[in-house]
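Since the structure is predicted, the reported quantities are computational estimates derived from the model, not experimental observations. Quick note: numbers below take in every heavy atom, side chains included, and nothing from hydrogens, waters or symmetry partners.
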2 protein chains.
Amino acid sequence: MGATKSDLFTKQQNDIANMAKALAHPARIAILQYLVKKNACVCGDLVEELGLAQATTSQHLKELKIAGLIQGTIEGASVCYCINPKVWNQYHKILGTFFTEVQDIKSCC
Amino acid sequence: MGATKSDLFTKQQNDIANMAKALAHPARIAILQYLVKKNACVCGDLVEELGLAQATTSQHLKELKIAGLIQGTIEGASVCYCINPKVWNQYHKILGTFFTEVQDIKSCC
DNA sequence: AAGACTAATCGTAATATTGCGATACGATAA
DNA sequence: TTATCGTATCGCAATATTACGATTAGTCTT
């Protein structure tokens, strides 16, 4: 075992979990924050920014791309990344909804 | 290797990543939604609700407890769980802030 | 005390993630 | 063309996560 039994859960539950998984590494948070801070296409300087090896950085970028949170465009020799605002807002909305389900929670125990 | 190099990143980045990690499994999402839906102490019936083995369910509950999102009280023979509203709202706020950092994002690529 | 029930923990196996060196691949520069 | 630069991918090793049977520990009932 070790594989998540995703068939036991609803699509919505799997979706939320997968979104969380995309955010579940500080390097990916750092990448996203950096792209947000720049608020523009960022070409090339992500490896130096993170302090991880080039291969590792590339892998995190790939996961963020698969999650849809970022998009990359080939710009001559290098690649430019930026936030995908549409998916970003989707994440914001879905995770926000998940949390606002409990606005008036009772602390019972 | 295989261990996250958390020393490379800020406390805030590690915190967000750890929050996301707590949510990064559909079973834990299901547990939280169930507790939210009931909006009360839930004693015992979580194992049947999930469809996972008792040991597995207990492990997910433990992780949610470590993350602070839920709290359990021993109620006679069984244990009652409910949302910890304080931590829940913290999660809501911190993740919400993370996403609102990019309200007016430019889609450049 | 003995049995039944609930939940936590232990031990283990399967799978996933993280990290990086090496390599490959495409674009630009010489 | 050849060299160089930037990035993606491959292959591997280390660690983490997920899942569950078995056991343990506690409470309640009889």
Worksheet item: Which part of the nucleic acid does A:Glu63 contact within heavy-atom distance under 4.0 Å: base, sugar-phosphate only, or nothing?
Response: sugar-phosphate
Fill in: Euclidean distance, atom CG of residue B:Leu61 to atom P of D:dC20 [Å, nearest integer]
14 Å
Worksheet item: How long is the line joining CG of B:Asn14 and C1' of D:dA16, in whole Å?
Response: 16 Å
Worksheet entry | Atom pair distance, as rounded to whole Å: CG in A:Asp7 and C1' in D:dT18 | 14 Å
Discussion item. Need to verify one output field. Residue with the more 5' nearest nucleotide on DNA chain D, A:Val47 or B:Gly51?
Written reply: A:Val47
Worksheet item: Over how many whole Å does the gap from A:Leu46 atom CG to D:dC5 atom C1' extend?
Response: 16 Å
Worksheet item: Just checking B:Ala53: base, sugar-phosphate only, or nothing, at a heavy-atom cut-off of under 4.0 Å?
Response: sugar-phosphate
Worksheet item: Under the criterion side chain to side chain contact (heavy atoms under 4.5 Å, CB included), which of B:Thr56, B:Ile31, B:Val79 is the partner of B:Leu61?
Response: B:Ile31
Practice prompt. Under the side chain to side chain contact (heavy atoms under 4.5 Å, CB included) rule, what do A:Phe9 and B:Leu52 come out as? Steps first, then yes or no, please.
Written response: CA-CA 10 Å; A:Phe9 308 102; B:Leu52 289 171; 4.0 Å; yes
Worksheet entry | Trace of the side chain to side chain contact (heavy atoms under 4.5 Å, CB included) decision for B:Leu95 with B:Leu23 | CA-CA 12 Å; B:Leu95 291 177; B:Leu23 302 175; 4.2 Å; yes
Worksheet item: So, is A:Lys65 near the phosphate of D:dA8, with a side-chain N or O under 4.0 Å from OP1 or OP2?
Response: yes
Discussion item. Can you work out whether A:His25 or A:Ala77 has the more 5'-proximal nearest nucleotide on DNA chain C?
Written reply: A:His25
Item to complete: Starting from the C-alpha separation in whole Å, work towards a yes-or-no answer on side chain to side chain contact (heavy atoms under 4.5 Å, CB included) for A:Phe98 and A:Gln12.
Response: CA-CA 10 Å; A:Phe98 174 70; A:Gln12 188 218 15; 5.9 Å; no
Worksheet item: Between the base of D:dA8 and the side chain of A:Gln54, is there any donor-acceptor pair under 3.5 Å?
Response: yes
Fill in: side-chain N/O B:His60 vs D:dA19 OP1/OP2, d < 4.0 Å
yes
Worksheet item: With a 4.0 Å cut-off on heavy atoms, is A:Ala3 in touch with a base, just the backbone sugar-phosphate, or nothing at all?
Response: sugar-phosphate
Practice prompt. Compute whether any side-chain donor of one residue and acceptor of the other, for B:Thr57 and B:Gln54, lie under 3.5 angstrom apart.
Written response: no
Discussion item. For a quick check of understanding: with a heavy-atom distance under 4.0 Å over all strands, which category does A:Ser58 fall into, base, sugar-phosphate or nothing?
Written reply: base
Practice prompt. Taking B:Thr100 for its side chain and B:Gly96 for its backbone only, find out whether a donor-acceptor pair lies under 3.5 Å.
Written response: yes
Discussion item. So A:Glu75, base contact, sugar-phosphate only, or nothing? Heavy-atom distance under 4.0 Å.
Written reply: nothing
Worksheet item: If you look at every strand shown and take non-hydrogen atoms under 4.0 Å, does A:Leu52 touch a base, only sugar-phosphate, or nothing?
Response: sugar-phosphate
Worksheet item: 5' to 3' on DNA chain C, which nucleotides open and close the contacts with chain B (atom under 4.0 Å from a heavy atom)?
Response: C:dT6 to C:dC20
Item to complete: Return the value, rounded to whole Å, for the distance between atom CG of B:Leu23 and atom C1' of D:dT17.
Response: 16 Å
Discussion item. Both A:Lys21 and A:Glu48 contact DNA chain D. Taking the nearest nucleotide for each, which residue is further toward the 5' end?
Written reply: A:Glu48
Item to complete: Would you indicate whether A:Leu8, at its atom CG, is surrounded by more than 12 heavy atoms from other residues, nucleotides or ligands within a distance under 6.0 Å?
Response: yes
Discussion item. Considering every strand and a 4.0 Å limit on heavy-atom distances, what is the contact class for A:Thr56: base, sugar-phosphate, or nothing?
Written reply: base
Discussion item. Regarding A:Ser78, tell me which of base, sugar-phosphate or nothing describes its non-hydrogen contacts under 4.0 Å with the strands shown.
Written reply: sugar-phosphate
Worksheet item: When you look at B:Leu69 and B:Arg28, which way does the side chain to side chain contact (heavy atoms under 4.5 Å, CB included) test go after all the steps?
Response: CA-CA 10 Å; B:Leu69 277 167; B:Arg28 294 197 286 274; over 6 Å; no
